[in-house]
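Worth knowing before you read on, the calculation uses all heavy atoms, side chains too, and leaves out hydrogens, waters and symmetry mates.
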Amino acid sequence: MATDRLDVIIFGASGFTGKYTVFEAVTVLNGLRWGIAGRNREKLESVLKQMGAKSKKDLSQTPIFIADINDETSLLEMAKRCRIVVNTAGPYRFHGEKVVNACIEAGTHHVDVSGEPQYMETMQLKYDKRAKERGVYVVSACGFDSIPADMGVVFVEKNFDGVVNSVETFLESGVKEGTGPGTRAGLNYGTWESAVYGLAHSDELRGIRQKLFPQRLPKFYPLLKHRPLIFRSTEVDKVCLPFPGSDRSVVMRSQRFLYDQDKKRPVQMHAYVGFPSWIAAAAVVLFASIFGLMSKFQIGRTLLLKYPGIFSGGLASRDGPSEESMERTYFKMTFKAIGWPQADRLAESTDQYTVPPTKTLMVRVSGMNPGYGATCVALLSTAVTILRESDKMPNNGGVLAPAAAFSKTSLISELEKHEHGMKFEILANK
């Protein structure tokens, strides 16, 4: 690699997630050489001014690169100017592949915050071999989708002192009381757009997975059963529904990789999201049903994208959430892991247990501002980890889910170090 490369370029820096990534870069990338990139120099200069004022740092000398999704030469030139591209320009379904391709050609690593399984798994299918050949790591889901879940399972396994059979995750989020307006936790428009197209094309996943994993995993017992569609969880004392995000698909990809690579027994996992009451959970089911139905038809998608506020019950908007509201939003993800103590460990990871699991571990991953604080810190922390600890990562390269990439690194410590990072803690060990 050329020695005059910057360490990091944040691409899509004038977007909603991009500008907060610039803000967090002031602390997370401290000591590294970094720049920003996007289509419009004026907007990029404005972000440096705005985030410089917010962080009380002069960012005016930060290098700016002009790169446009529709100009592949400009993407390649950008990628050649750094060691890793931090890509915040979604929806990745439409904009991600060209950046991934440019990075691999340039021998440059790539991380993003996609929560879109079709995109992530298509990238693995098409580019994993080439990325390995070029010594490049391409890692998606490096934000709130799905670092807490994927690295949470790593944390569980590190602290279990035995063999984990299954993990259930329970996500809670809310807004701490404050005086200002906008007490709703919120989504920006790009996240909403990704969800609309992701659900519209969810039936593509089966075909992608058949090509990606022609060999099915062996079954491991006891099988983790699904909970009812709506239930009260004693683990978190909330009314829970299945979590519709990408967490489970990301964790399953990591577990599959660690089984293929290290012959580690894969952890089974189901993800749930908790609400304060039956009424709140029922309202979510109603909105989700309308959303799911509308996303399948062109006219429905047009309406969902034109009127995000109406169809999300006020959760999504074109302007995104207010800064004051974001900074008061918290999340907690509680993990219930069940398995066998160390004394019962079998000779081979593929052997089946004849006794039921007897050991339980509860852990929690938590943080503030999951969408745009913890997400941006996590994204930048993955970039820092690739730059500093690639010797602890597998195969010299590849297209990987986070835990597959980072299970043997100190990413969790890096996440815990920062003000807007994430906390990993053990709740109970039986």
Side-chain angles (χ1 to χ4, degrees), residues 84 100 103-104 109-112 114 117 119-142 146-147 149-167 205 208-221 224 246-269 337 339-340 342 345-353 381-383 385-412 414:
I84 185 161
V100 168
C103 285
I104 293 172
H109 306 299
H110 175 282
V111 290
D112 67 48
S114 172
Y119 159 74
M120 295 189 270
E121 295 178 32
T122 301
M123 291 307 96
Q124 186 175 337
L125 185 63
K126 289 174 77 168
Y127 294 103
D128 183 52
K129 185 168 181 284
R130 181 90 179 112
K132 281 184 197 156
E133 287 166 359
R134 301 283 292 155
V136 166
Y137 288 106
V138 175
V139 190
S140 289
C142 292
S146 291
I147 290 283
D150 211 17
M151 294 310 293
V153 172
V154 170
F155 183 75
V156 161
E157 292 208 88
K158 279 198 164 80
N159 290 284
F160 195 79
D161 194 26
V163 177
V164 180
N165 179 60
S166 63
V167 169
L205 269 172
I208 297 166
R209 285 176 181 162
Q210 281 169 347
K211 290 179 189 159
L212 192 55
F213 305 117
Q215 297 278 305
R216 295 195 71 153
L217 263 182
K219 277 196 161 61
F220 287 89
Y221 297 94
L224 176 62
S246 59
D247 283 356
R248 184 171 186 273
S249 71
V250 170
V251 169
M252 291 296 96
R253 271 176 64 225
S254 283
Q255 292 299 315
R256 171 72 192 233
F257 176 86
L258 294 168
Y259 171 78
D260 289 342
Q261 182 88 1
D262 303 338
K263 283 291 164 267
K264 183 193 83 65
R265 179 190 171 101
V267 173
Q268 302 173 69
M269 184 261 203
W340 296 270
Q342 192 66 26
R345 185 180 281 275
L346 301 172
E348 295 290 332
S349 63
T350 49
D351 291 350
Q352 297 287 1
Y353 281 85
S381 296
T382 60
T385 303
I386 291 173
L387 293 176
R388 290 186 182 150
E389 298 187 58
S390 61
D391 58 319
K392 294 179 187 158
M393 293 172 63
N395 300 340
N396 194 42
V399 180
L400 300 166
F406 302 117
S407 65
K408 295 177 176 71
T409 70
S410 58
L411 175 60
I412 288 173
E414 182 67 30

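- Checking side-chain atoms of Asn396 against main-chain N and O of Gly135 turns up no donor-acceptor pair under 3.5 Å.
- No more than 12 heavy atoms of other residues, nucleotides or ligands lie within 6.0 Å of NZ in Lys219, so this atom counts as exposed by the packing criterion.
- For Gln342, the CD atom is densely surrounded, since the number of other residues' heavy atoms within 6.0 Å is greater than 12.
- Counting heavy atoms from C-beta on, the side chains of Tyr127 and Val138 never come closer than 4.5 Å.
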Between Val111 and Ile84, does a side chain to side chain contact (heavy atoms under 4.5 Å, CB included) hold up when you go through it step by step?
CA-CA 8 Å; Val111 290; Ile84 185 161; 4.2 Å; yes
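- The minimum heavy-atom distance between Ala401 and Val139, with the atom names listed, is C-CG1, 4.1 Å.
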Show which side-chain atoms of residues 152-165 pair as donor or acceptor with protein atoms under 3.5 Å away, not counting sequence neighbours.
residue: Glu157; atom: OE1; partner: Lys264; partner atom: NZ; Å: 3.2
residue: Glu157; atom: OE2; partner: Lys264; partner atom: NZ; Å: 2.8
residue: Lys158; atom: NZ; partner: Ser407; partner atom: O; Å: 2.6
residue: Asn159; atom: ND2; partner: Phe155; partner atom: O; Å: 2.8
residue: Asn165; atom: OD1; partner: Arg265; partner atom: NH2; Å: 2.6
residue: Asn165; atom: OD1; partner: Gln268; partner atom: NE2; Å: 3.2
residue: Asn165; atom: ND2; partner: Pro222; partner atom: O; Å: 3.0

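- The shortest side-chain heavy-atom distance between Arg345 and Trp340 does not fall under the 4.5 Å cut-off.
- Nearest heavy atoms, Val167 versus Ala337: CG2-CB, 4.0 Å.
- Contact check on Glu121 versus Arg209 returns a salt bridge, with a Lys/Arg side-chain nitrogen under 4.0 Å from an Asp/Glu carboxylate oxygen.
- For the pair Lys132 and Gly397, the tightest heavy-atom approach, listed with the atom from each and the gap, is CG-O, 3.3 Å.
- Expressed to the nearest 0.5 Å, how far OG1 of Thr122 lies from CG of Leu205 amounts to 8.0 Å.
- Interatomic distance, Met123 CE to Leu212 CG, rounded to the nearest 0.5 Å: 11.5 Å.
- Interatomic distance, Leu400 CG to Ser254 OG, rounded to the nearest 0.5 Å: 8.0 Å.
- At a threshold of 4.5 Å between non-hydrogen side-chain atoms, the residues Val250 and Pro402 count as touching.
- Across all their heavy atoms, Met151 and Ala403 have their closest contact at SD-CA, 3.9 Å.
- The aromatic rings of Phe220 and Tyr259 lie perpendicular to each other, with more than 60° between the two planes, well past the 30° mark.
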Would you sort out whether Asn395 and Gln261 count as a side chain to side chain donor-acceptor pair (under 3.5 Å), showing the intermediate values?
CA-CA 9 Å; Asn395 300 340; Gln261 182 88 1; 2.8 Å; yes
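- To the nearest 0.5 Å, atoms OG1 (Thr385) and CD1 (Ile412) are separated by 10.5 Å.
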Could you walk me through whether Thr409 and Met393 pass the side chain to side chain contact (heavy atoms under 4.5 Å, CB included) check?
CA-CA 7 Å; Thr409 70; Met393 293 172 63; 3.8 Å; yes
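- Annotation: side chain of Ile147 is in contact with side chain of Leu411 (closest heavy-atom distance under 4.5 Å).
- A distance-only check finds a donor-acceptor pair linking the side chain of His109 to the backbone of Tyr137 [under 3.5 Å].
- Taking NZ of Lys408 as the start and CG of Asp262 as the end, the distance is 4.0 Å to the nearest 0.5 Å.
- Note: Met269 CE to Asp247 CG = 5.5 Å, rounded to the nearest 0.5 Å.
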